[in-house]
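Below, read A as the first sequence line, B as the second, and so on, with proteins coming before strands; counting in each chain starts at 1.
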10 protein chains.
Amino acid sequence: MFYLVRMVVSPPYGMPPEEFERLKAEEKEVGIRLQREGIWKHIWRVAGAYANVSIFEVDSVEQLHSAISSLPFFPFLSVEVTPLVPHPSSINPADNPLLKEGRA
Amino acid sequence: MFYLVRMVVSPPYGMPPEEFERLKAEEKEVGIRLQREGIWKHIWRVAGAYANVSIFEVDSVEQLHSAISSLPFFPFLSVEVTPLVPHPSSINPADNPLLKEGRA
Amino acid sequence: MFYLVRMVVSPPYGMPPEEFERLKAEEKEVGIRLQREGIWKHIWRVAGAYANVSIFEVDSVEQLHSAISSLPFFPFLSVEVTPLVPHPSSINPADNPLLKEGRA
Amino acid sequence: MFYLVRMVVSPPYGMPPEEFERLKAEEKEVGIRLQREGIWKHIWRVAGAYANVSIFEVDSVEQLHSAISSLPFFPFLSVEVTPLVPHPSSINPADNPLLKEGRA
Amino acid sequence: MFYLVRMVVSPPYGMPPEEFERLKAEEKEVGIRLQREGIWKHIWRVAGAYANVSIFEVDSVEQLHSAISSLPFFPFLSVEVTPLVPHPSSINPADNPLLKEGRA
Amino acid sequence: MFYLVRMVVSPPYGMPPEEFERLKAEEKEVGIRLQREGIWKHIWRVAGAYANVSIFEVDSVEQLHSAISSLPFFPFLSVEVTPLVPHPSSINPADNPLLKEGRA
Amino acid sequence: MFYLVRMVVSPPYGMPPEEFERLKAEEKEVGIRLQREGIWKHIWRVAGAYANVSIFEVDSVEQLHSAISSLPFFPFLSVEVTPLVPHPSSINPADNPLLKEGRA
Amino acid sequence: MFYLVRMVVSPPYGMPPEEFERLKAEEKEVGIRLQREGIWKHIWRVAGAYANVSIFEVDSVEQLHSAISSLPFFPFLSVEVTPLVPHPSSINPADNPLLKEGRA
Amino acid sequence: MFYLVRMVVSPPYGMPPEEFERLKAEEKEVGIRLQREGIWKHIWRVAGAYANVSIFEVDSVEQLHSAISSLPFFPFLSVEVTPLVPHPSSINPADNPLLKEGRA
Amino acid sequence: MFYLVRMVVSPPYGMPPEEFERLKAEEKEVGIRLQREGIWKHIWRVAGAYANVSIFEVDSVEQLHSAISSLPFFPFLSVEVTPLVPHPSSINPADNPLLKEGRA
C-alpha cells in the first residue's frame, strides 16, 4: 500500500546547535535504514523549504505510523498523510502491483 | 527535474455522459503516452476521491505545463504543483540523479 | 486497518427528485451490504448536516477506495480519509487487534 | 449520545522530560478509566501524528466536557468536537440505540 | 443541553420566486413551532447576511438534528453546530441549570 | 443591541501558576459584575475547549469593546465579534425588543 | 457607531444583461440615498475586484442591517461586517465623537 | 491614493512592561504625526481586539510602506493592505477626488 | 509604483465556445496594448493552471484598476493585488527607480 | 525557467540585536551576489510587511533551492514557490525566451 507523506520540519529557535546536528545525523541514519528496508520508497525535498515529500510502501498503516514516529525529528514535524491506490492508467509496475500480477 | 502534481477532477453536473466518457478515454490515452515518454513518472489515485497524485520528471517547467494543459480534463481540473529537488538522504538513483552521476 | 472517513453529500440543485430518491435507496442498499461484509464498521450522521462520519476496517487501501467509489452518491460526495492505528491506551479489542492477539 | 472528538497534542518545547512523562502516564490512566466507565467508547491514533480520533458516548455534553477537561494534557490539546446522531442506515446496534429498542 | 447553531441560507439562483416564498413561509412556521416547544431557545439574524445565530436547548443530539433537518430550507443551509456547557461563572439560571438546582 | 462573542483563552506556557490563578479569579469577578450590569447577557463554555460563547447586549459598540478589553485575560484572548439583529421570526421578547414595544 | 463593511458582488452567470443593468442602476440610487442620509459614510472600490470597502455610521446594528439588506444586489453579495470603536489616538473629530464632545 | 490597512498587534509574552509602555507611547506619537501630515486619514479600533482598521491617503506605495514600517510596534504587527480606488457612486469629495475636480 | 497581480480565469461551463474564443482573442489584444503602454510590465503563466502572475507599473491605483477591469475576462477573473515597493537590496534599475535617480 | 518566490521573514523575539543585524547584512550580501549572477531576476518588498516578492530565473529547481536555502535568514523564512512559464501574450523578450529565439 502506498501513502503520500509530506513532512515540514520546524526545529524550535533556541535548540542548541549540537542537539540539532545530532538529531539531523540520526534522522539521516533512520531515513536510510527505512529506505533500505523498502518502506520509504521515494523522498524528495520541497524546493525552498525545510520540508520533504515522500512515498511510503507498507503492509499496514501501523508500519507507516511506526516508521514516521521513530524519526528523531518527529516532535518537530508537521505531517500530512494521504492514502493512495494504484491508478488504473498507470503503466509503471512498481506503482501498480496489479500489472506485476498480470491482473490489470 | 521533479514536480509533485495533485489534480482534483470536477466534471460539472449536467455534462452529457457520452462527453464525459469520451474525455475520460482520451485522458487515459494522453496519460499513457506521457508516461511512455518518461515525463509522467508516477501516478496514484487518492483514496476515496476523484483525484490523483503524480510525480513528473521534466527538462523544464514549460514541458510540465504543456503536458498538464494538454489533458482533455484540463478545464475541469484543480491542479497544485510543488517543485521538488533530490533529497540529500535519498539512496534511490531514479530520484537522485547525483547518485547516478556518482556525485553524491 | 482502520480509516476515519467523513463524507459530505451535495446533490446539485436541479437533480430530478426521482433520480435523487433512486440514488438514495441504492446508497442505503450498498451501505448495508458493506456493513454486513464487515468493511463499514461504524457510521454516524453529523448533527445538523447532510454528512456522515464513519470508521472503515479494511485489508488494504484498495478495498477502502473500491468501497467508497462504489457508492451511488460518489459523484456528489466530498470525502476526507484519515488513516488510523490502534491507540496504545485502547482497551477495546475490536479497535486494538493487538489486544485480541494478546500482544498488547 | 455520540461525539466525534479529535485531539492534537502539542507539548511545548522546553517542558522538562520528567513532567512530560508524568503527564503521559497520568493521561493513560485517566484514559483507561474513562474507557472502563463506558464514556470513551473508541480511541485510535492518527497515523503519522501525535493526535487521536475518538468516539465518546455520554448522557450529556457536560459529561463530555468534564471528561475532556480532566485530561492531564488538556492545556496542550487542540480539540474538535462533532456531535453525531445514529445513522438511519446503520445496522450496528452499539451505534444505533433505536435498533436495540426495536424501533428502527 | 445547549448548542450554538449558525445557519447560512443560500437559495440557488434560478429557484422560482413562488417556491422561495412558499419555503420561507413554511420555514417561519416551523421556526415558531420549535420556539414554542422550547427547543429553539434564541434566534438572532447575523447583521448584513442571510444567516442566523441560534441557541437550541434539547434533551439529546437526536432532537437537535431532527429539528434542524425538518427545516424547509435545510437543503440550502450550511450549518455549524457547537456543543456548549453551562459556564461556571454564569449567574443566569436559564443558561446554568445547576443554579436552578442550587448546585452551583 | 446584541453581539455574539466567541473568546478562546490561550495562557502562555511558562506563566507562573499563581499569576494564572489570580487572573482567573479576577476574570470571574469582572465577568459576574458585567452580567449583573445586564451587559453580558449569556455565557456558555464551548465543550472540550478553554473557550466561551457569549451574547452581549449593549447600548453601543464602545460599551462592548470597553467590557471585553477590561477582562484580565484580554491579552491572552482571541476574540471574534458578530453583530446581531432581532430575527423577524423570534417570539422571545428578551431577544426581540420590537415584540416588547408591540411593533412586531 | 462605526462599522467596516466589505462587500463582494457575484452576479450569477446567466443573469440577463438587462436585469443586471437594472439592478446596478437601482443599487447606485439606493447607495446615493444612504450616503445622503449620512449612514453610508465612506465607500471605496477594491482595486482589481468587483468589491467595495465601506464605513457605515449608524445608531444601531438594526439600521446597518436594514441598509445592507435593502440593496438590490443583496442576494448576490458576500458581506463581512467588522464593528469599530473610536481609536484613542485618532485626532479626526468625524471618526472620534469624543473629540467633538471635548471628552478626549 | 487610498489604502485600507488592517493591523493586529501581538506583543510577545515576556516583553518587559516598561518596554511595552515606551513603545506604546512612541506609537501614539508617530500615529498622531502621520495623521497631522494628512497620510493617516482615518483610524478606528476593531471592537474586542488589539487591532485597528485604517485608511491611508498617500502619493505612492513607498510613502505608505515608509509610514507603516516606521511604527515602533512594526515588528509585532501583522498587516494587511488593500489598495482602493474612488467608487463611482461615492458622493463624498474627500474620498472621490474626481468630484473635487468636477470630473465625476 | 509596482503591483503584483495574480489572476485565475474561471470561464463558466456552458459558455458557448465561440463566445469564449472571441473573449480570449480580445483579452490577448487588450493585454498586448497594456504591455505596449508600459503598464503591464511582466506577465507569466502559472504552471499547470489557467492563471497568470503579473507585475504592473502604474502612476496610480486608479490606473491599475482601470486596466484590470477593462479585461474582457474580468467577470470570470479572481484577482489578488499585492502592492510592492522597491527593495533596498535590489540592484535592478528597472525595479528600483531610486537607482536610476542615483539616490540609492 | 522562472519561479515566483514569496518570502516572509519572522525573526524570533529574543534574538540578540547584533545577531539580527549581522544576519541582515549577510543576507543583503548574498542577495546582491545572486542578483549579479543573474539568478535573482527581480525583488520587491511587500508594502507594509517584512516580506518580499521575487522572480528567480534558473536552469534547474536545484539551483533555485540552493539559492534560497543559502540565505542567512533561511531558518526564519516562510517561503512559497510558484513555477511559471512564459505567457503566450507576453511581448517582453526577457520574460519570454521564445521571442528572443524568434519562435513566438
| request: For J:E37, look at atom CD and say whether over 12 heavy atoms of other residues, nucleotides or ligands are found less than 6.0 Å away. | output: yes

| field | Proximity breakdown for J:M15 and chain A, heavy-atom pairs closer than 4.5 Å | value | both

| Atom OH in A:Y13, atom CZ in J:F76: separation rounded to 0.5 Å? | 5.5 Å

| message | Surrounding CD of A:E29 (heavy atoms of other residues, nucleotides or ligands, distance under 6.0 Å), is the total greater than 12? | response | no

| said: Quick check: closest heavy atoms across A:A47 and J:V61, and the distance to 0.1 Å? | reply: CB-CG1, 3.5 Å

| request: Go through the atoms of A:A49 and report whether side chain, backbone, both or neither lie under 4.5 Å from a heavy atom of chain J. | output: backbone

| Has J:E26 got more than 12 heavy atoms of other residues, nucleotides or ligands less than 6.0 Å from its CD? | yes

